Amino acid sequence: MTSELLDIYDNEDKPLGTASRQEAHAKGYWHHTFHCWVARDTPTGRRLLFQQRQDSKDTFPGYYDITAAGHLTAGEDVSQAVRELEEELGIHVPFTSLTPLMTVRYESKGTAQGTSFWDREVSSVFGLLWNQPLEAYRIQQEEVAGLYEADLEQALALFEGRIPVLEAHGITSGPNPEKTRRLITSDQFVPHKAGYITSICQALMELPTR
């Protein structure tokens, strides 16, 4: 996998220069990322969409995560990062269609593919109500193993600890996509800052119907 060149920052978010993605994750340089959580309305209620990361990812391979997300490359601003929706999910969405939800700072350490990482991100987080079925998405196989959806209120209950598992229905990526059903626990999601995903679920509930 070719590594992007990222703008890197100090603890006060002052620019330090640039580094490769691998170097930023190895040395713990702060860098900026884009998050977009997608929901859709159905006759049975609003549903949350989320992806499963490919096993080849350099952080948290195989975990469930944000619907579409990515790093801002060197010189890129957050409005340009909307490209992640088209790259990962195959949908073209103007940046003005996104609803800003929050900005979060978060860091995590771990090991993936036998290599230690120290990921420190400042993330601009957005919401999008996009009413199309899972089968209509064109999933980027290199990054995304599958796309899943679950009842939004049930997702909130999972992350608030009120239910132990979440029933999700999804579709795998690749040349022969398959429908699948999963029972998912909260610890199968990429760990984020405490309260992050519950705040996201609450904010998505409030998005006005398109």
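Position 1 is the first residue of the sequence, and the numbers go up from there. Source: prediction; values computed, not measured. Below, each value reflects all heavy atoms present in this structure, side chains not excepted, and no hydrogens, waters or symmetry copies.
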Pairing donors with acceptors under 3.5 angstrom, does anything connect the side chains of [X] and [Y]?
| X | Y | answer |
| --- | --- | --- |
| H35 | H192 | no |
| Q202 | S199 | no |
| D13 | W30 | no |

Using a 6.0 Å cut-off, check whether atom [atom1] of [X] has over 12 heavy atoms from anything other than its own residue.
| X | atom1 | result |
| --- | --- | --- |
| E135 | CD | yes |
| E153 | CD | no |
| Y9 | OH | yes |

When you measure from the side chain of [X] to the backbone of [Y], do you find a donor-acceptor pair of N or O atoms at a distance under 3.5 Å?
| X | Y | value |
| --- | --- | --- |
| R120 | N11 | no |
| Q51 | L147 | no |
| E88 | Q140 | no |
| Q80 | D77 | yes |

Which atom names give the shortest non-hydrogen contact between [X] and [Y], and what distance separates them?
| X | Y | value |
| --- | --- | --- |
| L128 | S97 | CD1-O, 3.9 Å |
| P191 | F60 | CD-CE2, 3.4 Å |
| W130 | H92 | CH2-O, 4.0 Å |

> E167 and salt bridge (Lys or Arg N to Asp or Glu O under 4.0 Å): which partner among R47, R181, R182?
Replying inline: R181

> Hey, do the aromatic rings of Y106 and Y196 have their centres closer than 6.0 Å?
Replying inline: no

> Going hydrophobic residue to hydrophobic residue with side-chain gaps under 4.5 angstrom, can you get from Y148 over to L49?
Replying inline: no

